[in-house]
Amino acid sequence: MQRQPVVDVAISNGMAVSAQSVSRIRALDRFRLGDTVFRSLTRAAAIAVLALLSGVIISLIDGSIPALKTFGFSFLISERWNPVTENFGALPAIYGTLVTSFIAMLIAVPVGLMIAFFLTELCPQWLRRPIGIAIELLAGIPSIIYGIWGLFVFAPFLQATLQPFLINTVGNLPLIGSLFAGPPYGIGMLTAGLILAIMVLPFVTSISRDVFEAVPAVLKEAAYGLGCTRWEVVRNVVLPYARVGVIGGLMLGLGRALGETMAVTFVIGNAHRISASVLAPGTTISATIANEFTEAVSDLYTSALIALGLILFVITFIVLAAARYMLLRIERRIG
Amino acid sequence: MLDHVLTARYGARRRRNVVATSLSIAATLFGLGWLVLILGALLWKGFSGLSLAVFTEMTPPPGSSGGLLNPLFGSLVLTILAVLIGTPIGILAGTYMAEYGRYDRLTSVVRFINDILLSAPSIVVGLFIYEVMVAPMGHFSGLAAASRWRYWLSQWSCAPPKTC
């Protein structure tokens, strides 16, 4: 009654209640009922999405309890991974995940920023869309294809060219030499990092391009008017202005790199050890899970793998929450 | 004298600009190069393997010839199941977020969680579905795989409405 339109209240309380106005009240009631139902339906769907995340977290924690109980804190710092004696430690996988993602970001960030610079400042207008789409197409290639391509085309190529070169030149230097020591396997952490770099590149590029384009033209024109070169405009005006957004984009790319599974599994070599050399085979959290999950016969083994998944989830959660926080800050500043 | 210094500095600035712009062009070519290399390798090696049998015959035992009918069928069924289950949830949740609960606490929480899940490693999602479906049912199945997909899809279809 309280939300009835004023006109209808007047009609229904008045002396002359015609059949027409009564049916109008009924129709309005029906609409209201329909809207309430639809509202609760959509609300339920939104809550279902929420419930999914809680489900993911709860099931991961629940599944990893046996492993965490058995190994305790040493699960995080132990280097051993032996399915036969059921002795599990997550350190090599965590190390591999972080190192491959680091290599990927080391390459993808400067290249992605430079492409964004090209697309926003240098590229002729008619070429912008085609090139932008082509770069984004890299994100559309299924990761399994990166994996096959990496294993059959890219790894043999690296084994024959880049890796011997690195071993013979940088490998002989003191200090950083040990990073590039050992035989050229082809597959290994460096190869995985490079493949990841290609996969992350489109994310970094498209987000930084969007952020670069959001820089007010007035600022850029003022800098050009002072006689700045293109590079100086980007370096001193665009980048500082877009800084927070770019960092948010990088974090999203990093989240991608941390969790990437199939492509990495193909080319990393799946060895549970920590080597100083990036040319050596290693493993990552997701590669370990993908490789060994169907082989895990005992409950403890399965539980150790699920605990690995929990660790990965926590790592990505932190990275993405940080990204979200930064994007929120830039939104607040603009809007 | 001052003229000299200014010209030198101007030259240095121009050189730096040329270096940076050429680097950016090189970076773009580098990025496009990967696309060409990967698609090229796929087409080059893939076309020779294509024939009618690929689409009409079952996967052979190792050593004999056959096609890829069952994986193709599997992908198709998975996608259809995922779309059927995932799209309604995604669209409904998106509608709620855009229309009813625009300024709700629930909306901002779901949006944040959506962002997290969208980039959450797919392997983690796989583990989750294993825990809740495969383990109780006792075997791996298409339905379980599809529900994993469904979950992804519900994330994706949420994304467009929430931006409006």
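The basis for the numbers below is simple: all heavy atoms, side chains too, and nothing from hydrogens, waters or symmetry mates. Chain naming here is simple, since letters A, B, ... match the order of the sequence lines and numbering starts at 1 in each.
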Which portion of A:Val153 sits near chain B, non-hydrogen atoms under 4.5 angstrom: side chain
Contacting moiety of B:Leu29, where chain A heavy atoms sit under 4.5 Å: neither
Euclidean distance, B:Leu37 CG relative to A:Trp149 CH2, rounded to 0.5 Å: 5.5 Å
Chain B contact via A:Leu122 - which portion, at a heavy-atom distance below 4.5 Å: side chain
Greater than 12 external heavy atoms within 6.0 Å of A:Arg235's CZ: no
Spacing of OG belonging to B:Ser24 relative to CD1 belonging to A:Ile115, to within rounding of 0.5 Å: 9.0 Å
Whether over 12 other heavy atoms sit under 6.0 Å from A:Phe157 CZ: no
Distance (rounded to the nearest 0.5 Å) between A:Ile141 CD1 and B:Trp34 CH2: 12.0 Å
Note, A:Tyr146 side chain near B:Ile38 side chain (heavy atom, < 4.5 Å): yes
Most chain B-contacting option - heavy-atom pairs closer than 4.5 Å, from A:Ile198, A:Leu201, A:Ile58: A:Ile198
Chi angles and distances behind the side chain to side chain contact (heavy atoms under 4.5 Å, CB included) call for A:Trp231, B:Thr21: CA-CA 7 Å; A:Trp231 170 245; B:Thr21 44; 5.8 Å; no
Distance (rounded to the nearest 0.5 Å) between A:Ile135 CD1 and B:Leu32 CG: 4.5 Å
A:Ile145, part contacting chain B, at a heavy-atom distance under 4.5 Å: side chain
Value rounded to 0.5 Å, distance of CG in B:Leu23 from CE in A:Met114: 4.5 Å
Nearest-0.5 Å distance that lies between atom OG1 in A:Thr229 and atom OH in B:Tyr10: 9.0 Å
More than 12 heavy atoms of other groups within 6.0 Å of A:Asp35 CG: yes
